[in-house]
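Data first, discussion second: the structure below is written as structure tokens.
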Protein chains: 2
Amino acid sequence: MRRAGHNRGAARDALIDLFAIEGCALTPQEIEGRLSSDRPVARASVYRALELLHSLRLITRIDVGDGVARYERAHLDEGHDHHHHHLLCGACGELVGFEDEHLEAVIHELSGRHGFRISEHEVTLRGTCPSCR
Amino acid sequence: MRRAGHNRGAARDALIDLFAIEGCALTPQEIEGRLSSDRPVARASVYRALELLHSLRLITRIDVGDGVARYERAHLDEGHDHHHHHLLCGACGELVGFEDEHLEAVIHELSGRHGFRISEHEVTLRGTCPSCR
DNA sequence: GTGAATGCAAACTCTTTGCATGACT
DNA sequence: AGTCATGCAAAGAGTTTGCATTCAC
């Protein structure tokens with residue numbers, strides 16, 4: 001499916017496998033670490049593969065404001081849309097995903113009202129997780 | 001009002017003045033540029049003042065995913081809450097703010113349902129602005 | 001006068017790029 | 001064989017930190 005003019009290679013394969021397993025957001029560092037325990041992958045290859053997958057809309061980039069990028073697979077499976085957003089704990093840094101169809105509905109409705117043609121949206125809630133309260 | 005144990009200085013004064021004028025998100029680079037046309041302010045002082053104001057909750061940090069931080073004054077005035085979110089044009093990079101009380105209501109309602117105590121939230125819509133269509 | 005804020009410059013981290021090597025088709 | 005992905009190392013950008021100086025109280 002990604003034979004949209006791109007070959008496969010060790011780094012890309014490994015990245016795809018990782019995203020198939022891991023559902024939520026990962027930083028490039030985490031990705032490099034996980035991959036290197038199996039077969040070492042150069043940092044540059046991680047970034048290049050991430051860029052490619054992102055441009056093909058197979059992964060989503062998330063930025064919670066700590067200066068590092070995070071990526072997770074795009075949840076665009078036909079039928080049930082597993083699109084989700086994130087809760088970030090300011091104390092321990094835990095990042096968890098959540099879905100809310102009401103929120104999606106409001107954003108979708110909103111999208112028609114500002115002259116922009118909206119293609120993506122991102123919602124981040126910050127606070128304190130149950131364990132850190 | 002920010003005599004919460006902090007003195008004033010040229011850099012902080014200038015930053016506060018700037019945020020009083022400029023309502024929407026600015027990057028540290030933009031801030032340094034604007035301030036330097038008046039009285040030069042060192043980059044380090046910009047970052048330090050931003051950190052301070054942010055820790056005092058007087059400004060908000062926004063990250064739209066392009067690798068640079070943005071800050072704008074916190075719209076927490078009593079009475080009318082001018083809290084807003086952002087539309088980002090992927091083509092020209094323009095960033096504009098919008099308010100939507102319906103969206104706020106949904107997020108507020110949502111906040112009680114995940115065990116987290118939510119203190120902030122951030123919504124970014126990405127797409128194409130009218131001029132870039 | 002004392003302590004805190006500022007400026008300068010160097011250090012650090014994350015990310016990107018150039019170029020040669022190696023792999024996939 | 002030819003093309004494209006990978007690895008390594010160096011470059012680039014944004015941000016942070018150390019230390020001496022200057023300013024605010």
Side-chain angles (χ1 to χ4, degrees), chain A residues 1-19 25-56 58-72 88 90 93 95, chain B residues 1-19 25-56 58-72 88 90 93 95:
Chain A
M1 61 171 58
R2 93 194 133 68
R3 299 295 169 73
H6 298 283
N7 294 330
R8 29 192 315 190
R12 292 178 183 178
D13 277 358
L15 251 162
I16 291 170
D17 289 348
L18 177 59
F19 279 120
L26 295 170
T27 65
Q29 283 191 70
E30 290 167 344
I31 292 167
E32 188 184 358
R34 299 264 201 116
L35 295 185
S36 297
S37 65
D38 186 36
R39 191 197 310 176
V41 171
R43 193 173 313 153
S45 300
V46 171
Y47 280 104
R48 277 191 281 236
L50 286 172
E51 183 191 350
L52 174 65
L53 294 175
H54 187 240
S55 72
L56 295 176
L58 294 174
I59 57 176
T60 305
R61 178 180 171 144
I62 294 147
D63 217 310
V64 296
D66 60 354
V68 294
R70 285 163 214 273
Y71 296 87
E72 65 186 19
L88 176 68
L95 187 71
Chain B
M1 60 172 58
R2 91 193 136 68
R3 298 294 170 72
H6 298 282
N7 295 331
R8 26 189 320 188
R12 293 178 184 178
D13 276 358
L15 252 161
I16 291 169
D17 289 348
L18 178 58
F19 280 120
L26 295 171
T27 65
Q29 283 191 69
E30 290 167 344
I31 292 168
E32 187 185 0
R34 299 263 201 117
L35 294 185
S36 297
S37 65
D38 187 36
R39 191 197 310 176
V41 172
R43 193 172 312 154
S45 299
V46 171
Y47 281 103
R48 278 191 280 235
L50 286 172
E51 182 191 352
L52 174 65
L53 294 176
H54 187 240
S55 73
L56 294 176
L58 294 174
I59 58 177
T60 305
R61 178 179 172 146
I62 295 147
D63 216 312
V64 297
D66 59 355
V68 295
R70 284 162 214 272
Y71 296 87
E72 66 185 19
L88 176 68
L95 187 71

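In what follows, chains carry the letters A, B, and so on, assigned in the order in which the sequence lines appear, proteins first and then strands, with residues in each chain numbered from 1.
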**Request:** Have a look at the helix from dG1(C)-dC25(D) to dT25(C)-dA1(D) and give the angle its two end axes make, five pairs each, rounded to 10 degrees.
**Result:** 30°

Within less than 4.0 Å of OP1 or OP2 of [N], is there a side-chain N or O belonging to [X]?
X	N	result
S45(A)	dG7(D)	yes
Y47(B)	dT16(D)	no
R12(B)	dA5(C)	yes

**Prompt:** Is there a side-chain contact between R8(B) and I16(B), using heavy atoms and a 4.5 Å cut-off?
**Reply:**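 No, every pair of side-chain atoms sits at 4.5 Å or beyond.
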
**Item:** Value rounded to 0.5 Å, distance of OH in Y47(A) from CD1 in I31(A)
**Value:**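 Between Y47(A) OH and I31(A) CD1, I get 9.0 Å after rounding to 0.5 Å.
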
**d(CZ, R39(B); C1', dA5(C)) in whole Å** =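 Spelled out: CZ on R39(B) to C1' on dA5(C) is 13 Å.
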
**Prompt:** Between atom CG in L53(A) and atom P in dA5(D), what is the gap in whole Å?
**Reply:**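 Rounded to the whole Å, the gap is 12 Å.
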
[X] has a side chain; which of [options] sits nearest to it?
X	options	answer
H6(A)	dG7(C), dT15(C), dA5(D)	dA5(D)
R48(A)	dC8(D), dC14(C), dT6(C)	dC8(D)
A44(B)	dA9(C), dA9(D), dT25(C)	dA9(C)
R8(B)	dA24(D), dT6(D), dT25(C)	dA24(D)

**Prompt:** Quick one: side-chain contact (heavy atoms from CB on, under 4.5 Å) partners of T27(B), sequence neighbours excluded?
**Reply:** Q29(B), E30(B), V68(B), R70(B)

